[in-house]
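I have placed the structure first, in the form of structure tokens, so that the comments after it can refer back to it.
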Amino acid sequence: MPRKEDTGPKAYFPGPRSENESWVRSEFQAIVDDWFDWRRGTRPGDPAAIGAEERLTPGFLVERERTAQALAELMALLRRETPTYSPRYAGHMVSELSLPALFGHFTALLHNPNNTSREVSKVGTVIEAEAIAMLAEMIGFDPAAARGHFTSGGTIANFEGVWRARYRLDHWLALALWIAEKTGETLDLFAAAHMGWARFSELVSTHNPPAAELRRASAVAGNPADIFRRIGAASGQEYSGPVVLVPGNKHFSWQKAANVFGLGEEAFWSVGLDAEGRLDVPDLERRLVEAAAAGRPVLAVVSVAGTTETGEVDPVDTVCDLLERLQAERGWRIWHHVDAAYGGFLCTIPGGPYESVLSTRVREALRAVGRADSVTIDPHKLGYTPYACGAFLARDADRYAVSVFDAPYLERPHLARDLWSATLEGSRPASGAAAMWLTGRTIGFRPDRFGAILAGTVRARQTFQEAVRTALPEIRFLEPADSNIACFSLAADGEALSSANRHTASLYDAVREAGEFELSMTTLRRPGQSAQIAAHAARHGLEDDDDRLVLMRGVFMNPYWSSASVSERLVPEFVNALRRGIEAVGT
Ligand SMILES: *Cc1c(COP(=O)(O)O)cnc(C)c1O
């Protein structure tokens, strides 16, 4: 087993004491030098526009002084910002930036490409395609076949998934409705809604539907209420629209999606969670059968790799197994989207020298992310890139397809030269793509590189937990922790949950007021998380008398915890901060 301090190339970060200052200064200087050199070298015969008599007049020198003062004020303001780069910060899913990400972001920022189209971004779009291929390979997609793009974050990437799901379903249903109305055969709604592109193409070549008539059968192109009525008539069963199956611990981006896409929150069917807080696969199967019986097409099944609350990883592998079995047994081609906004980068760990930091089931789940149809991943979380940087990935061009507004209805646009019509966002920066591109080219996403950094963060969570468990038995950890997030409550032996919840909230306040370390709080709620709450109460011998479990939450994603000097000093200090907090609360 490698020694702790060997865990990965963490010298790629600025350093909590600005250890890499001279390196950062020289690269920033090189970036600025190159930018000016590039500008000067471009169309060198063109005239200058701002003469010295304008730049250096007494009047403008005053303007420059005013600018310097305002800039100094801005810098002073930002000095009061939370120092999230410090390992003492374990509050939310943000920490240090890697230097390759910072250099890449800054370089692209100065050139300011707009990746909305190749016309305005002939280099930025290529960098984006290459960076997407790197991320695709990392999560287990074939990088040559995979498609995707960078978004402003995980929320929009999840929206991209729903948008495509809606487009796909609409194409299949419109065709099936048109055929049913023409032939007078009964529409098998659920089968039609999950026919797959292969069957779609087959039916198109058999029936040759005119594009204009298909448009009139489309709920996206036409009037949805009217189409729903026609589907009801053709299928002999009232049609109430599609559903999306999401685990009960879903990120609130899924509720926003319901809102934005006008699906109605009812259309987001919650899948049960097991006692360890992960998606319950037998419940997923029940819900799918229920949807079939109710004639509600399934837009997508979502599983989460790294939940926002507790960092749990759903059994992506068994979800894939179930969906494959249903396809074989019943012909349902059901879309599987993995929301790996937080945990996607953990896919760099399995198969490498540090994989034992993850449990076998988490490793198996992460290995299966590449079996999904589409994936959300957030480089601005565990990719250590600046905001705003998320990504949407699809396994291939077919899966990436979405409506292009001016294209003929039957033409399924694959990755066109321009992405503008295939992204929810219009103008898009190249900075996030450049940050990921440079990260891939330097640190690299191999298990012994990026995987080593992230394994170090998981180990940091374990080290913290072991130290606290030994020193402070009244701290009750939520078990098992799948990644680098530790959640815990404060409770005396046999204490009632309701009272422990109050004490935990007070401990959070006390630790925050002391200001030495920063944690966050989260609450598990019944009925969705009932099994997990009951398991926590039983494991720690607490009286289970409340509808919620209040938890303190430490996100140990900071790369510096794997440094022996940091953990030897700060872990005991962290334990002491908690001890003083507990004394202040006085359980
Ligand atoms: C963070 C997160 C999101 C949303 O991502 P943003 O980048 O904040 O928009 C979605 N899903 C999960 C599981 C997340 O952790």
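Each ligand, and each atom within it, is numbered from 1 in the order the structure gives. FYI, side chains are in, hydrogens and waters are out, and symmetry mates aren't considered; it's all heavy atoms of this structure.
Ligand 1 does not have Gly390 within reach: every non-hydrogen atom of the residue lies 4.0 Å or more from it. Not a single heavy atom of Thr307 sits less than 4.0 Å from an atom of ligand 1.
Classified by interplanar angle (parallel below 30°, tilted 30° to 60°, perpendicular above 60°), the ring pair Phe345/Phe450 is tilted. Below 30°, between 30° and 60°, or above 60°: for Phe13 and Tyr384 the angle between ring planes is above 60°, a perpendicular geometry. Taking the six-membered ring where the residue is Trp, His337 and Trp254 present perpendicular rings, their angle passing 60° and hence far from 30°. In this structure, His194 and Trp332 have tilted ring planes: the angle between them lies in the 30° to 60° band.
Distance from atom 4 (C) of ligand 1 to its nearest protein heavy atom, with residue and atom name: His251 CE1, 3.4 Å. Scanning the protein for heavy atoms near atom 14 (C) of ligand 1, the closest one is Lys381 NZ, 2.9 Å. When hydrogens are left out, the protein atom nearest atom 9 (O) of ligand 1 is Thr155 OG1, 2.6 Å; that is the closest non-hydrogen contact. The closest protein non-hydrogen atom to atom 6 (P) of ligand 1 is Gly154 N, 3.3 Å.
Which parts of ligand 1 touch Asp378 is read off a 4.0 Å heavy-atom cut-off, strictly below it: atoms 1 (C), 5 (O), 6 (P), 7 (O). Proximity to Ala341 (heavy-atom distance under 4.0 Å) selects the following atoms of ligand 1: 2 (C), 3 (C), 10 (C), 11 (N), 12 (C), 14 (C). Ligand 1 places these atoms under 4.0 Å from at least one heavy atom of Asp339: 10 (C), 11 (N), 12 (C), 13 (C). Within ligand 1, the atoms closer than 4.0 Å to a non-hydrogen atom of Gly153 are 7 (O), 9 (O), numbered from 1 in the order shown. In the vicinity of Asn158, heavy-atom distances shorter than 4.0 Å reach the ligand 1 atoms 10 (C), 11 (N).
For ligand 1, one of its N or O atoms has an N or O atom of His380 under 3.5 Å away. In terms of N/O distances under 3.5 Å, ligand 1 is approached by Thr308. Not one N or O of Ser253 is nearer than 3.5 Å to an N or O of ligand 1, by distance alone.
No side-chain heavy atom of Val302 sits less than 4.5 Å from a side-chain heavy atom of Val271. Counting only heavy atoms from C-beta outward, the side chains of Pro379 and Phe150 approach each other to under 4.5 Å.
Heavy atoms of other residues, nucleotides or ligands lying less than 6.0 angstrom from CZ of Arg526 number more than 12.
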Start with the C-alpha gap between Arg399 and Asp373, add the side-chain angles, then the distance that decides, and say whether salt bridge (charged side-chain N to carboxylate O under 4.0 Å, His left out) holds. CA-CA 7 Å; Arg399 289 173 168 85; Asp373 294 293; 2.7 Å; yes
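Side-chain atoms of Thr307 and Glu309 include no donor-acceptor pair closer than 3.5 Å.
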